[in-house]
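The structure displayed is predicted, hence computed values, not measured ones.
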Amino acid sequence: QRKDAFTVFVGNLGPEATEAGLRKVFERIGPVEGIKLVRDPVTQVLKGFGFVDFAMRDSAEAACRMLDGTNAGGRNLRVSMATEMLGTAGAVPPHQRGGLATGGVDIAQLLREQMKQFDGSSAEICKFDWACKLVNCPNQHPNGRDIERDPTVVICRFARKCKRMDCFYVHPAGREIDEDPSKGQCMYGVNCDNPDCFFAHPEARKILQLKCFKCGELGHTQHACGTKSSTKIMLSGFPNEWAGETAAELQLRLSAELEPFGALVAPPEVEGAAEAGAPAPAMAMAEF
C-alpha cells in the first residue's frame with residue numbers, strides 16, 4: 001500500500017473473485033493504485049474479502065457510496081472505508097498496512113470496530129461460533145463472540161517478540177519479525193525436517209519424506225496420524241479475569257485457546273462442566 005493511497009474494504013466476495021475482476025469494477029469510480037485479495041495462507045482459498053487502494057480520497061468515498069450493496073457475481077458487495085488495522089499475521093500484517101502504536105489509542109474500541117467491519121463478509125457460519133478469537137474472521141457469528149466483551153484478550157502475550165509466522169493474535173505495536181524477517185527464520189534452515197514447523201525457511205528447503213512426531217513413522221504428519229497415542233497435559237494458573245466463569249465456560253475457552261497447538265482428542269476435562277452454573281475449578285486436563 002502506498003502511503004498516499006486511500007483504502008476501501010470490500011467484503012462478501014465469492015470464491016471466484018479475482019483482482020482483475022475487482023479492478024474493472026472499481027476503476028469505473030477512479031484510478032486504482034492496488035488491489036489485495038486476502039487468502040488462507042495454507043490453502044490459498046479466498047477468505048471472502050479484500051482491499052482496494054485509490055489514489056484520491058474522493059474516489060474511495062465515492063466507491064463506498066456507489067458500490068456498497070451492489071450485486072457482483074450473485075453477491076451484494078460490502079464496501080466501506082478501511083479502518084487502520086491492528087496487525088494480525090495471516091490477514092493484514094503491520095509491515096503491509098502500517099501497524100499501529102498503542103499510545104493514546106483505545107485499543108479495545110479499535111478492535112471492536114475491526115471485528116464489526118469483517119464480521120459477515122463471508123456467507124459461511126464460523127465453526128468456532130462465540131469462541132472465535134480471530135479479529136479479522138470474515139465468517140458469521142449468529143450468537144456473537146466472547147471477545148466482544150473484552151477484545152484485548154486477543155492481544156498476543158509475546159507482543160513484538162512473537163516469532164510464530166501464522167500467529168492470529170493481535171500485535172498492536174507490530175512485530176520484530178515483520179520489520180526484520182531474518183528474526184523469524186528457523187535455526188535449522190534448509191535442514192529442518194519438521195513439516196509442522198511454524199518458523200520461516202529458505203526456499204531451498206525440501207522435506208524429502210514426511211515424519212510423524214506422534215508415532216515416529218515416516219510418510220505422514222502428526223495431524224494425519226491414525227494412531228491412538230496421545231499426550232495429556234495439566235492446566236492451571238488461569239488468568240484472574242477467568243475467575244468468574246463457570247466450568248462450562250472455562251471448558252469452551254480452553255478449547256479455543258488450545259486449538260492453535262493441535263487437535264484435541266476431546267474437550268478439556270473440567271470438573272463440573274456438565275453441571276449448570278458450576279464454578280470453574282483451579283485445574284483442568286487436556287489431551288492432544
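Residues passing the side chain to side chain contact (heavy atoms under 4.5 Å, CB included) test with Ala131 are Ala256, sequence neighbours excluded. For Ser80, the side chain to side chain contact (heavy atoms under 4.5 Å, CB included) partners are Phe9, Gln117, not counting sequence neighbours. In this structure Met234 satisfies the side chain to side chain contact (heavy atoms under 4.5 Å, CB included) test together with Met283, Met285, sequence neighbours excluded. Listed by chain and residue number, Arg23 satisfy the side chain to side chain donor-acceptor pair (under 3.5 Å) test with Glu27 (two or more places apart in sequence, or in another chain). Asp146 pairs by the side chain to side chain donor-acceptor pair (under 3.5 Å) definition with Arg149, Arg253, not counting sequence neighbours. Residues that satisfy the salt bridge (charged side-chain N to carboxylate O under 4.0 Å, His left out) test with Glu148, not counting sequence neighbours, are absent from this structure. Every residue two or more places apart in sequence or in another chain that forms a side chain to side chain contact (heavy atoms under 4.5 Å, CB included) with Val154 is listed here: Leu111, Lys133, Val135, Ile147, Tyr169, Val170.
Surrounding CD of Glu124 are at most 12 heavy atoms belonging to other residues, nucleotides or ligands under 6.0 Å away.
The stretch residues 61-76 participates, sequence neighbours left out, in these side-chain hydrogen bond (donor to acceptor under 3.5 Å, both in side chains) pairs: Asn12-Arg75.
Here the straight-line distance linking atom CD of Gln140 with atom SG of Cys132 works out to 12.5 Å at 0.5 Å rounding. Between the SG atom of Cys64 and the CZ atom of Phe54 there is a distance of 8.0 Å, given to the nearest 0.5 Å. Rounding to the nearest 0.5 angstrom, the gap separating the CD atom in Glu287 from the CG atom in Leu258 is 12.5 Å. Note that CG of Leu22 and CG of Leu77 are 7.5 Å apart. Values are rounded to the nearest 0.5 Å. To the nearest 0.5 Å, the span separating OG on Ser59 from CZ on Phe26 amounts to 12.0 Å. The line from OG1 of Thr18 to CG of Leu13 is 10.0 Å long, rounded to the nearest 0.5 Å.
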### Message
Walk me through whether Arg145 and Cys137 qualify under side-chain contact (heavy atoms from CB on, under 4.5 Å).
### Response
CA-CA 11 Å; Arg145 292 200 279 175; Cys137 181; 4.0 Å; yes
### Worked verdict on Lys232 versus Glu269 for side-chain contact (heavy atoms from CB on, under 4.5 Å)
CA-CA 10 Å; Lys232 285 190 175 183; Glu269 298 175 16; 3.9 Å; yes
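Considering all non-hydrogen atoms of both residues, Ile29 and Ala62 come closest at CG2-CB, 3.7 Å. Taking every heavy atom of both residues into account, Ile125 and Asn139 meet most closely at C-CB, 4.2 Å.
Other members of the hydrophobic cluster containing Met187, listed by chain and number, are Tyr188; membership follows side-chain contacts under 4.5 Å among ILVMFWY residues, whether direct or relayed. Within the hydrophobic cluster formed by Ile, Leu, Val, Met, Phe, Trp and Tyr side chains joined at under 4.5 Å, directly or through other members, Trp130 is accompanied by Leu252.
Under the 4.5 Å side-chain heavy-atom criterion for ILVMFWY residues, a single connected hydrophobic cluster contains both Met81 and Val32. Under the 4.5 Å side-chain heavy-atom criterion for ILVMFWY residues, no single connected hydrophobic cluster contains both Phe128 and Leu254.
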